Amino acid sequence: MLNQLPKNYDPKEFEKKVYQNWLDKNYFHAEVNEEKEPFTIMLPPPNITGALHLGHALDQTIQDILIRYKRMSGYEALWMPGTDHASIATEVKVVEKVKKEKGISKKELGREKFMDEAWAWRDTYGRRIVEQMQQLGSSCDWERERFTMDEGCNKAVTEVFVRLYEKGLIYRGNRIINWCPDCKTSLSDAEVEHEEKMGNFWHVKYPIKDEDLYIEVATTRPETILGDTAVAVHPEDERYSHLIGKIAVLPFLNREIPIVADTYVDPEFGTGAVKITPAHDPNDFEVGQRHNLPQIRVMNDDATINELGGPYVGMTRYECRKQIVKDLDERGLLVSTKERNHSVGHCYRCHTAVEPLTSEQWFVHMEPLAEPAIKAVKDGSIKIVPERFDKTYFHWLDNIRDWCISRQLWWGHRIPAYYCDDCGHITVQRTVPEICPDCGGTKLRQDEDALDTWFSSALWTFSTLGWPEETPELKYFHPTDVLVTGYDIIFFWVIRMVFSSLEHLEEIPFKHVLIHGLVRDAQGRKMSKSLGNGVDPLQVIDEFGADALRYTLIHGNSPGSDLRFSQEKLESARNFANKLWNATRFVLMNLEEEMPTMEEMAGNLALEDEWILSRMERTRLEVTANLDKFELGLALQKVYEFTWNEYCDWYIEMTKTRLYGDQVEPRQTAQVVLTEVLKGILRLLHPFMPFITEEIWQTLPSAEGSIMVASWPQAREKALKPDMETRMEHLMTAIRNIRNIRAEMNVPHSVKAALQVMAHTEESREVITMGTPYLKSLAGIAEVTFLEKFEEVPELAVSTIIPGAELYIPLAELIDIEKEIQRLEKEKEKALSEIKRVEGKLANEGFLKKAPTKLVEEEKAKKDEFQDMLVTLEKRIEELKA
RNA sequence: GGGGAAUUAACUCAGCUGGUAGAGUAUCUCCUUGACGUGGAGGAAGCCAUGGGUUCGAGUCCCUUAUUCCCCACCA
């Protein structure tokens, strides 16, 4: 007795064990190996802020499929895992934790102790993420696991910062930036989410100094009046030309501000006069620069009004807005209030409305970096899949502005800039300076700020391989092959990796970018904490198994599009696993200890053997092609269909006559082919469903080692047997038709019918002869006889047609003649409509001239076929009516 | 304001370089046949959103319209 499997598929029984075995055998590890071609994927490092969600599961499943496929195909496949420190998000979480546990703020705790807390957090969640990935089956090279704040990454970050600074591409400046009053840090443009909101548009009068005149401005943010330093009008706007150069008096503060002319102003919009607040509006900032206006910042870091706000000091920006509107109204300066839609920026982490304000920050000068990045995609060095995301990529780069990289946070890479207290000189260098190179002073302070998280993730493809050292790994594995990520982080990450790698390594970071969509809930809603519709991958794995989860995420999904996640899909995935499981049980219980090899049986193959082997070959060809084009959903679909519809539904059923027969030889061939094809299926399916395929593989005789290191089946076009496929098709049609007739005639299973065949071609006679055992076992036929003359056709019989032959079932006592005539009429209709279609085509001159000859031939053949069928049907109907 | 996507069977979605519409789920009929009822056999179900164009031929390519959904954007 060979190995046996339990009756039901229960992934919990083996998934952990299987994964542990892979770990023990070190199969995930990749090394520089000049004898093999490398294939590299860098895992987009998950944030250490919490647990993995279904989006991660999708992202990682795609990568795991690709990496397993390539590993089996003989590549030295490296999948480098790691986690991201996620500066803001983690810091916020740790701040909350400290507050909750210790009741103190981060300042009270102090920088050093705060960092200890953050590292402890990282240890906990970093480990949890690894565990989750392992449950999903991810075959990462854990020995190479990295963290964006580990020593190697730190070194790379410093190196990049210093190089860019020395090149003049990083600078420090007092500029307008996006400020999150809740996270209390600056944000890059990419980190601001804009939202359309209904707000008010207030028209306000500013008195003109020493004159009985007013200038009317319009604003959505009255609280910024406190920071106004000018009013601007269009230079050619005649309504205001007399006011240019005059002085307006700011309400409440009585500040005297000039009226300036600037083409930025759109005379058509609002009143045509704009209040200018250089310290709180990006456009106004620009105007301010052009006209040398002072910047008056009237808000604190928490967006309350500071002492420059006069009577409004201490109010929040919203309280202040309300109060100012009220005060303006009281003084008769409020002209009107209108409703108006406008977009407000929000922090992508905490969703607080962002406050634009001027601040001393570090920036990357983007223009010179953007250009090569655009070129790399334009010239095809980097291919984005699906292609349409090119537009997103270009659009962002074409409109890029300088990148604000400093964050007022502790958790992150501290900026390697040192200020001299004596002379104010700024030193940027790789190591901590002892003395100021300018004045020799020793009182040096390092910049307090940390770098944007994305600054370090931008280096991920090479900082993880040892850069700036010229390591063998870097040379061998870089550029990486595919970057797999969601469309939501093209801006944050993909673009920045491209220009970073091009700038520092002078090569692309990856050859392909494979974009996937978002995982949504069954109603199509985004999964979110506030909706409470998030699904925990671990719970899914617990209930259905990791393979079913992976199947659900991949099946029927196409690159770049969102997918809905539902219970039904999981069930269908689990059912498929169960089907495969039981097919294996069937095979196992019919095998014997001693089995010949496939090669030894090559001469004994029956029609169905040749057929299934040819079909498997075709499936291999298609699946491999799909995988190479990143069409994972299609690839999986094909494996599924081959497994269920061909192997299980037909081939297994057909082998039963041989397996249960008492002759050794045909039985052995069936046993060998059953095993061979099952193994073929397992190898094709392994990248998608690694656990079940491994578990089953291990039970099969003659399967050596792990399926993980088995070879990917090389598809051979010449192994296809199209004629065998056609013959089998005909036999299957015969069986289906007979089953159909039986169902329609309500012939119970117990009643075996005799089949009489009028064969017109040698081939059809052969098909029926070879197919006789299957007509018996699968179509309820008792025996098959061939008719030689038309006169022998029984009168009371139901009939059906396959190419080249008519099949009759005399069921005199059972058939209802009227019903049978109806059935035949229906078939006749079908034949007629087919003939009409084909004839229409063949009557078309253009078709005959321009369509490929092969197609024309096929159509002609079809026409003949259907016409024969029609003749037979008509004859048959006549006979029955008579 | 700009860009993109979607619109295919009751539902959720596939459909690659144009050549007679597919799957899963649900539904209807039958079946405890020695792998599987997490199953088997059979059936019903679609003017592939709209109007045009290119073509011998369009779900597939081009344009129009409608609806829905994303993304981007410095009109105060």
Side-chain angles (χ1 to χ4, degrees), chain A residues 5 7-9 176 194 201 217-221 224 232 264-266 268-277 281-287 340 342-343 356 386 388-389 391-392 395-396 399 401 487-488 490-491 517-518 522 524 555-558 560-564 566-569 571-590 622 625-626 629 631 633-634 637 640-641 645 648-649 652-653 656 659-660 736 739-744 746 748-750 777-780 833-834 837-838 841 844-852 855-856 858-859 862:
Chain A
L5 292 171
K7 184 173 169 188
N8 282 316
Y9 161 69
I176 191 132
H194 291 271
F201 201 40
V217 299
T219 182
T220 53
R221 305 195 56 210
T224 61
Y264 151 71
V265 180
D266 174 5
E268 305 292 312
F269 190 82
T271 63
V274 187
K275 58 188 274 315
I276 300 297
T277 324
D281 182 280
N283 291 310
D284 294 6
F285 179 84
E286 303 284 329
V287 175
R340 187 181 155 71
H342 63 126
S343 84
R388 71 181 123 96
F389 288 103
K391 292 215 175 184
T392 315
H395 184 260
W396 182 261
N399 297 288
R401 301 204 294 166
Y487 56 68
D488 49 337
I490 293 176
F491 312 123
L518 265 41
H555 184 88
N557 186 227
S558 58
S561 55
D562 293 351
L563 69 108
R564 293 191 193 201
S566 68
Q567 184 86 6
E568 290 80 52
K569 287 182 189 172
E571 283 167 11
S572 121
R574 191 238 4 235
N575 293 354
F576 175 57
N578 187 61
K579 185 72 180 176
L580 178 66
W581 185 264
N582 277 289
T584 307
R585 286 183 62 228
F586 172 81
V587 173
L588 286 174
M589 61 182 61
N590 287 292
E622 290 177 1
N626 286 136
K629 286 188 281 181
E631 296 164 348
L634 281 178
Q637 172 97 18
Y640 172 94
E641 281 169 5
N645 304 341
C648 291
D649 286 350
I652 283 187
E653 290 308 320
K656 285 179 180 173
L659 293 174
Y660 299 153
R736 268 196 215 104
R739 283 170 170 172
N740 184 341
I741 289 168
R742 294 180 65 108
E744 279 187 46
N746 289 325
H749 202 75
S750 53
S777 64
L778 305 179
S833 81
E834 284 300 312
R837 187 187 61 78
V838 180
K841 248 183 166 176
N844 187 330
E845 289 271 331
F847 178 74
L848 295 176
K849 266 190 221 155
K850 297 189 182 174
L855 196 73
V856 177
E858 275 173 25
E859 292 292 333
K862 270 181 211 162

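These figures come from a predicted structure and were not determined experimentally.
- If you check distances only, the side chain of A:Glu653 never reaches the base of B:A41 with a donor-acceptor pair under 3.5 Å.
- Looking at which nucleotide of RNA chain B each of A:Phe576 and A:Trp581 is closest to, the 5′-most match is held by A:Trp581.
- Regarding contacts with the backbone of B:C74, a side-chain N or O of A:His194 is found under 4.0 angstrom from either OP1 or OP2.
- The backbone N or O of A:Thr220 sits nowhere less than 3.5 Å from a side-chain atom of A:Arg340 that would complete a donor-acceptor pair.
- Between the CZ atom of A:Arg388 and the P atom of B:A6 there is a distance of 6 Å, given to the nearest Å.
- Within 4.0 Å (heavy atoms only), A:Asp266 reaches at least one base atom of the nucleic acid.
- Where A:Ser572 and A:Asn575 each meet RNA chain B at their nearest nucleotide, the meeting point lying more 5' is that of A:Ser572.
- Classification of A:Glu571 and A:Arg574 as a salt-bridged pair fails, no side-chain N sitting under 4.0 Å from a carboxylate O.
- At the heavy-atom level, A:Arg837 lies under 4.0 Å from base atoms of the strands shown.
- For A:Ser558, counting side-chain heavy atoms from C-beta on, the closest listed nucleotide (B:G39, B:G15, B:U25) is B:G15.
- Here the side chain of A:Arg401 is nearest to one of B:C74, B:A23, B:U38, namely B:C74.
- To the nearest whole angstrom, the two C1' atoms, one in B:G40 and one in B:U50, are 43 Å apart.
- Between A:Asn740 atom CG and B:A44 atom C1' the separation is 13 Å, expressed in whole Å.
- As rounded to the nearest Å, B:U65 and B:G22 have P atoms that lie 33 Å from one another.
- When distances run from any side-chain atom of A:Lys569 to the nucleotides B:A35, B:U12, B:C72, the shortest one goes to B:U12.
- Taking a centre distance below 5.5 Å and an interplanar angle below 30 degrees as the stacking criterion, A:Tyr660 stacks against the six-membered base ring of B:G34.
- Atom P of B:U64 sits at a distance of 16 Å from the matching atom of B:G52, rounded to the whole Å.
- Counting non-hydrogen atoms under 4.0 angstrom, A:Ser566 reaches nothing in the nucleic acid.
- Residue A:Arg742 has no polar side-chain atom (N or O) positioned under 4.0 Å from OP1 or OP2 of B:G42.
- Closest of all the heavy-atom pairs between A:Pro356 and A:Arg221 is CD-NH1, 3.9 Å.
- The two residues A:Arg585 and A:Leu5 have their closest heavy-atom pair at NE-O, 3.6 Å.
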